[in-house]
Number of protein chains: 2
Amino acid sequence: MTSARPSTPQPPSRRIAEDLRRQIESGERSPGDKLPSERALAEAYGAARNTAREAIRILAEQGLVTAKHGSGVFVREPQRLFRFGSDRYSLKNRETGLTPFRLEAKKQGKVARIEVPSIAREKPPVDVAERLKVPADEESVVHRENHYFADDEPVQIVSTYLRWDEAQGTLLMQPKTGKDGIYGRLEELGHVMTRVRDEISARMPTPEEAATLELLPGVPVLEVLHTSLDQDGIPFEVSRYVHRADQTGLLYELPVE
Amino acid sequence: MTSARPSTPQPPSRRIAEDLRRQIESGERSPGDKLPSERALAEAYGAARNTAREAIRILAEQGLVTAKHGSGVFVREPQRLFRFGSDRYSLKNRETGLTPFRLEAKKQGKVARIEVPSIAREKPPVDVAERLKVPADEESVVHRENHYFADDEPVQIVSTYLRWDEAQGTLLMQPKTGKDGIYGRLEELGHVMTRVRDEISARMPTPEEAATLELLPGVPVLEVLHTSLDQDGIPFEVSRYVHRADQTGLLYELPVE
DNA sequence: TAGTGGTCTAGACCACTGG
DNA sequence: CAGTGGTCTAGACCACTAT
């Protein structure tokens with residue numbers, strides 16, 4: 001009498017989602033494959049279209065499938081990961097004349113493009129003010145916002161904050177900052193990067209970030225709040241990196257003790 | 001006649017979501033506050049309940065609100081972050097007699113608990129095999145799975161992989177591994193941790209992970225694939241950490257160059 | 001133009017929470 | 001018990017994509 005093992009009889013939408021998930025993970029449906037249409041799924045399972053649709057939503061939330069309006073629902077392609085390493089701040093990289101991002105893009109055979117949508121004097125966000133040790137209630141920083149693209153696809157958003165009293169009237173206020181970029185200029189100001197502190201978290205994107213990064217539903221972002229410390233332990237630069245997590249990984253390699 | 005600025009006349013569900021989002025971000029609705037019920041929202045906007053429900057779903061996906069079945073929808077409380085640092089591997093911590101997790105839990109005033117649901121000889125996942133430099137098609141590793149709790153709330157899942165030929169017949173096969181934990185035993189086997197490599201990514205959880213970590217919808221996970229290298233540069237331990245991103249952050253502090 | 005996903009309506013019943 | 005979210009039905013129209 002007692003049936004097999006329906007410990008919790010799942011609702012139809014979950015059951016459909018589970019079936020499809022199994023098919024995808026077993027390789028029965030490969031990346032790029034088109035799933036049956038919502039209407040077809042509904043009919044096959046004797047359910048309403050909304051129920052089939054809910055099943056698709058569950059899979060999309062897990063990052064397994066992507067809906068293309070007017071076209072169909074497809075099994076998501078596994079993405080090659082960009083890797084941003086702890087060596088991205090390394091001085092060695094300067095010898096190449098390439099920024100870390102251009103270097104990584106080149107490794108992946110992609111064309112890097114960097115936009116600088118804004119450079120402005122601003123009040124810093126509280127977390128930035130804390131780390132840069134500047135007042136949060138004054139326009140104490142310069143905010144440089146950068147957008148990074150690989151083959152014209154957006155990959156990361158970077159907001160860099162510098163002390164206004166140092167950056168004022170220098171190349172740090174310009175889109176082109178000269179040889180070795182901002183770190184080159186900051187070195188001339190007496191700040192040699194000696195230690196870095198990266199605070200890493202993950203979350204779902206804001207609508208603005210989703211739009212800028214052209215993120216599909218169900219793709220989180222990696223946020224890195226980076227602080228550069230100079231030879232005297234003084235923080236002289238804070239940056240917030242927002243990476244799309246479906247194409248980006250981080251790599252930290254470090255000595256112990 | 002021409003209305004204000006409906007550049008893209010948003011569908012009602014988005015409009016409702018946007019309204020609520022503004023209210024939350026402006027502080028008009030504070031963390032812990034209860035939102036109007038789906039039925040109330042629907043009536044207020046002259047929409048069907050499903051439309052109001054869709055608006056709530058959008059906010060939940062962004063991690064802004066949490067639905068409590070039978071109770072209501074609430075503005076999510078900002079979570080205090082656990083911080084796992086690059087010093088979690090540090091030998092200094094051994095002097096405290098506490099593992100890094102217990103140490104961090106204590107800092108936060110919480111009670112740590114660790115479960116070891118399984119220890120078994122297995123075939124390693126391909127990414128682990130690559131890093132540990134063992135064959136992927138044999139039962140070449142011991143897999144220790146650990147679940148970590150703070151005040152009985154699950155915080156992270158850790159899968160540790162060790163070479164079978166080294167772990168066989170030692171305390172490394174037991175839940176209690178003795179003084180200084182597995183690293184103590186591995187040191188006795190001649191492996192002094194000298195460098196670590198952490199590969200970090202973020203993604204949505206699998207259903208199993210969501211269940212184990214009791215994750216609410218819209219919460220991603222942080223995955224760290226960790227490799228320990230000894231004094232000869234030989235990898236002797238690989239671990240996969242899966243953290244809930246709503247309560248966990250990572251901190252890496254390191255010298256440059 | 002046919003087929004797809006995106007959104008919506010107006011109901012319904014169930015499962016859970018709280019007083 | 002009343003009120004809440006969770007799920008479902010059976011339609012409908014729209015927007016987009018391919019052919």
Side-chain angles (χ1 to χ4, degrees), chain A residues 6-20 29 32-76 207 210-211 214-219, chain B residues 6-20 29 32-76 207 210-211 214-219:
Chain A
S7 57
T8 314
Q10 297 263 320
S13 56
R14 309 263 184 123
R15 229 183 68 64
I16 300 174
E18 267 314 297
D19 280 3
L20 291 171
R29 297 184 187 276
D33 281 6
K34 184 164 154 181
L35 260 49
S37 77
E38 295 174 349
R39 289 162 177 90
L41 275 175
E43 196 187 5
Y45 283 87
R49 186 184 153 206
N50 271 356
T51 303
R53 187 175 169 73
E54 171 70 7
I56 302 280
R57 202 194 56 74
I58 291 169
L59 295 176
E61 197 174 71
Q62 295 169 6
L64 284 174
V65 302
T66 296
K68 293 217 173 79
H69 193 172
S71 174
V73 176
F74 301 84
V75 180
R76 202 172 278 190
E214 294 171 16
L215 290 180
L216 298 168
V219 177
Chain B
S7 58
T8 314
Q10 296 263 321
S13 57
R14 310 267 185 119
R15 228 182 69 64
I16 299 174
E18 268 313 298
D19 280 3
L20 292 171
R29 298 183 186 277
D33 281 5
K34 186 164 153 181
L35 261 49
S37 76
E38 296 175 349
R39 289 162 178 89
L41 275 176
E43 196 186 5
Y45 283 87
R49 186 183 153 207
N50 270 356
T51 303
R53 187 174 170 73
E54 171 70 6
I56 302 280
R57 202 194 57 73
I58 290 170
L59 295 176
E61 196 175 70
Q62 297 169 4
L64 284 174
V65 302
T66 296
K68 292 216 172 81
H69 192 171
S71 174
V73 177
F74 300 84
V75 180
R76 203 172 276 190
E214 295 171 16
L215 290 179
L216 299 167
V219 178

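Numbered from 1 within each chain, the chains take letters A, B, ... in sequence-line order. In what follows, every heavy atom counts, from backbone to side chain, and hydrogens, waters and symmetry copies are set aside.
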Original post:
Say you draw a straight line from CZ of B/Arg29 to NZ of B/Lys34; how long is it, rounded to the nearest 0.5 Å?
Top reply: 12.0 Å
Original post:
Is B/Arg57 salt-bridged to B/Glu61, cutoff N-O under 4.0 Å?
Top reply: yes
Subject >> Interface limits on DNA chain D, where chain B has a heavy atom under 4.0 Å of a nucleotide atom >> reply: D/dG3 to D/dT9
Subject >> B/Leu59 CG to B/Ile16 CD1 distance, which is reported to the nearest 0.5 Å >> reply: 10.0 Å
Subject >> Pairwise distance OG1(A/Thr51) to CD(A/Glu38) - rounded to 0.5 angstrom >> reply: 11.0 Å
Residues 66-75 of chain B, side-chain donor-acceptor partners within the protein, below 3.5 Å, at least two apart:
residue	atom	partner	partner atom	Å
B/Thr66	OG1	B/Arg76	NE	2.8
B/Thr66	OG1	B/Arg76	NH2	3.4

**OP:** Hey, could you give me the CZ/OG distance between A/Arg53 and A/Ser37, rounded to the nearest 0.5 Å?
**Re:** 12.0 Å
Original post:
What nucleic acid atoms does A/Arg57 come within less than 4.0 Å of, heavy atoms only: base, sugar-phosphate, or nothing?
Top reply: nothing
Original post:
If an axis is fit to five pairs at each end of the helix from C/dT1-D/dA18 to C/dG18-D/dC1, what is the angle between the two, to the nearest 10°?
Top reply: 20°
Original post:
Start at the 5' end of DNA chain C and walk down; is the nucleotide closest to A/Lys68 or to A/Asn50 reached first?
Top reply: A/Lys68
Original post:
Taking for each residue the nucleotide of DNA chain D bearing the nearest heavy atom, is the 5' side occupied by B/Arg49 or by A/Ser71?
Top reply: B/Arg49
Subject >> Distance in Å, A/Arg49 CZ paired with A/Ile56 CD1, rounded so as to fall on 0.5 Å steps >> reply: 10.5 Å
Original post:
Between B/Leu41 and B/Leu20, is any pair of side-chain heavy atoms under 4.5 Å apart?
Top reply: yes
